[in-house]
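Data block below; observations after.
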Number of protein chains: 2
Amino acid sequence: MVTLAEVAQHAGVSASTVSYVLSGKRSISAGTRQRVERAIRELGYHPNAGARALAGGRSNIIALMIPLRTDMYVPVMMEIAIAVATTARIHGYDVLLLTGEEGPEAVRRVTGSGLADAMIVMDVQLDDERLPLLRETSRPSVLIGLPSDPTGLTCVDLDWTAAGALCAEHLAQLGHRDIAFIGEAPAVYERHTGFAERTLDGLRSRARELGLRVLHRPCAAGYDAVAATVTRVFDERPRTTGFVVQNESAVEPLLALLRQQGRAVPEDVSVVAVCPEQVAVQASVRLTSVAVPAQEMGRSAVEHLVAKLDGRGGDDVALIAPELTVRASSGMAPAVH
Amino acid sequence: MVTLAEVAQHAGVSASTVSYVLSGKRSISAGTRQRVERAIRELGYHPNAGARALAGGRSNIIALMIPLRTDMYVPVMMEIAIAVATTARIHGYDVLLLTGEEGPEAVRRVTGSGLADAMIVMDVQLDDERLPLLRETSRPSVLIGLPSDPTGLTCVDLDWTAAGALCAEHLAQLGHRDIAFIGEAPAVYERHTGFAERTLDGLRSRARELGLRVLHRPCAAGYDAVAATVTRVFDERPRTTGFVVQNESAVEPLLALLRQQGRAVPEDVSVVAVCPEQVAVQASVRLTSVAVPAQEMGRSAVEHLVAKLDGRGGDDVALIAPELTVRASSGMAPAVH
DNA sequence: ATGAAAGCGCTAACAC
DNA sequence: GTGTTAGCGCTTTCAT
């Protein structure tokens, strides 16, 4: 293993000079810099991460807590995680993957040991048990998600309330009066997951203002569960002409079921999804949708975090404005006979 | 920040005693142990990760390289990643998330800096450019996937060749003679991704032995792409009665298309999928399938890695035997008229 | 613009 | 069963 001292010797300079060449924290003459860089290359030197962390007081690692639950749309999680890792590298950080399993204890372990300099927390519940710890730690953190009380925290999220409202507006404009909201799995609501409840709230309150009737049905994954849900919807509200879906695994089953029942989309029934662009575009009917900007969320979270680590920027809530894209799945409500 | 020295002082013992209480590397009298543990608790002590890594020569971190490509079934990747993280924690390791983006350079950076003690590599191509580095590094590694030449490497994978063969056997037994294999996206084959090519090979060679005709069609994600593929299949081979699908995003579209064309599953056409159990069970027709044991793969990879870190176990290839579960999507080939 | 040297907090010989 | 101590490889004052 090559050490800084060996590089220094090889280059004929002192250890501190090598260190400063690496960090750029003081000016180095061109000649010295070149000799050092050459020595580094020739010896294949890589600074030791542990020594750096110990001496420098920072590990250059960001912890990312992802849920280990599998009842939510996984690709979104994955896309966020990858965006986080990619963006972090750009800023010189590596990413430590923590699953929700350890719970709040993981926060203590990672921050207490200096394993990570900061952390990003996903799958935030409205009243998340990790929040007190995050607030009291000296280490910066960013939530991807918005709890009930974001005081003293930095949050990055899609404005789900606005997203729900957008869906209601779109369907109202098209003349729909009875709409059904196919939501995430029941467990997601039972945990009071922020995004799910906010979307519902946003949809409901805008719907009320616009005179829409809304039937909300959480929906487990699987074709059968979707089938049961859709059947119940039409039983309870036969005049339903609009669907809002926030559950990627229900999208394709829903479209297949409507087809089977002889209900044409969008002539008889309109469908608006809240999902990643890719899902909307690849569905069997190109879906009118509010995009979930997973990459943007991951990237933004890292950038807020890096800003805090650099002493710039403080606590705030950064909500991304939702955008609804009209595609082939929504149209005028059918005339009432 | 609480240090080991402070704990030692508080407990009235020496630093090394505290260290040994923590590591369990030498016997400690019950009394001493208790006083130390009490001091640790009272002071809220957490060993500094950097100092540990420096002094101990090991970081207790495992690096996990995941692809950042999005053309393969993401939930499987995610499930593996989560299984890796969970299993790693059980063995006292944390997981560092590396995206494929940095390529082979990431291997050098992480192993060279001592950031990670070992690494797990996913999305292995038959002739992967990271392999030479992994072979020459002193740090242990495990591949999830099987390259052409696994010499000097430890690999964990499903036996995809056997999986492909199983599918052929099942359909042959049911009397099918013309089968179509809907595969992963074209890019996956162009990269020579191990699992995709091996499944194809296994299917093809067993099919040849059994007198089956196989039409292989890679298939991009999205309903339209699947529709085009299926149409071409029946154009070229009108007597196709069996489908093997290794492409999760094509599963539901395929079933929907067959339904639309009035082809009943399994009366007219049988479908066998190679996918996670969950997908097979939740599809609109419960699918006969060969399970992709994502969790098992992640867990096994970590256990092999930990064995190597502990000086137990050396290089070997651990292939998981595939299992085919018969469900509702496969049946006797229709009689020929 | 560069060097010397004092730690950072822990582990693991080496003592007893 | 416990204490003493010499590093681990780097960063960063303090000097010049």
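Per chain, numbering begins at 1; letters A, B, ... match sequence-line order.
Taking atom CG of A:Asn60 as the reference point, atom P of D:dC10 lies 14 Å away to the nearest angstrom. If you take CG of B:Leu54 and P of C:dG7, they are 17 Å apart, rounded to a whole angstrom.
For the salt bridge (charged side-chain N to carboxylate O under 4.0 Å, His left out) condition, the pairs that include at least one residue of residues 99-115 of chain B, sequence neighbours left out, are A:Arg89-B:Glu102, A:Asp94-B:Arg109, B:Glu102-B:Arg109, B:Glu105-B:Arg108. For residues 133-146 of chain B, the set of pairs meeting the side chain to side chain donor-acceptor pair (under 3.5 Å) definition, not counting sequence neighbours, is empty.
For A:Leu43, the side-chain contact (heavy atoms from CB on, under 4.5 Å) criterion is met by A:Val2, A:Val7, A:His10, not counting sequence neighbours. With sequence neighbours left out, the side-chain contact (heavy atoms from CB on, under 4.5 Å) criterion links B:Ser23 to B:Tyr20, B:Lys25. Every side-chain contact (heavy atoms from CB on, under 4.5 Å) that B:Ala187 has, sequence neighbours left out, goes to B:Asp71, B:Glu190, B:Arg191. Partners of A:Arg26 under the side-chain hydrogen bond (donor to acceptor under 3.5 Å, both in side chains) rule, at least two apart in sequence or in another chain, do not exist in this structure. Remark: B:Leu54 engages A:Asn48, A:Ala51, A:Leu54 in a side-chain contact (heavy atoms from CB on, under 4.5 Å) (not counting sequence neighbours).
Contacts of A:Ile28 with the nucleic acid, taken as non-hydrogen atoms under 4.0 Å apart, involve only primed sugar atoms and P, OP1 or OP2.
Contacts between residues 108-117 of chain B and DNA chain C, counted as heavy-atom distances below 4.0 Å, involve no residue at all.
In this structure, the helix from C:dA1-D:dT16 to C:dC16-D:dG1 shows an angle of 30° between the axis at its start and the axis at its end, each fitted on 5 base pairs and rounded to 10°.
Annotation: side chain of B:Glu37 is not in contact with side chain of B:Ile28 (no heavy-atom distance under 4.5 Å).
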Per-nucleotide protein contact along nucleotides 10-16 of chain C, 5' to 3', at a 4.0 Å heavy-atom cut-off (B base, S sugar-phosphate only, - neither), is BBBBB--
Can you give the donor-acceptor pairs under 3.5 Å from side chains of residues 127-134 of chain B to other protein atoms, not counting sequence neighbours?
from     : atom 1 : to       : atom 2 : distance (Å)
B:Asp128 : OD1    : B:Arg130 : N      : 3.0
B:Asp128 : OD1    : B:Arg130 : NE     : 2.8
B:Asp128 : OD2    : B:Gln125 : N      : 3.0
B:Asp128 : OD2    : B:Arg130 : NH2    : 2.8
B:Arg130 : NH2    : B:Met122 : O      : 3.3
B:Arg130 : NH2    : B:Asp123 : O      : 3.2

Output a table of donor-acceptor pairs, distance under 3.5 Å, between side-chain atoms of residues 76-87 of chain A and any protein atom two or more places apart or on a different chain; print 'none' if there are none.
from    : atom 1 : to      : atom 2 : distance (Å)
A:Thr86 : OG1    : A:Ile82 : O      : 2.7
A:Thr87 : OG1    : A:Ala83 : O      : 2.7

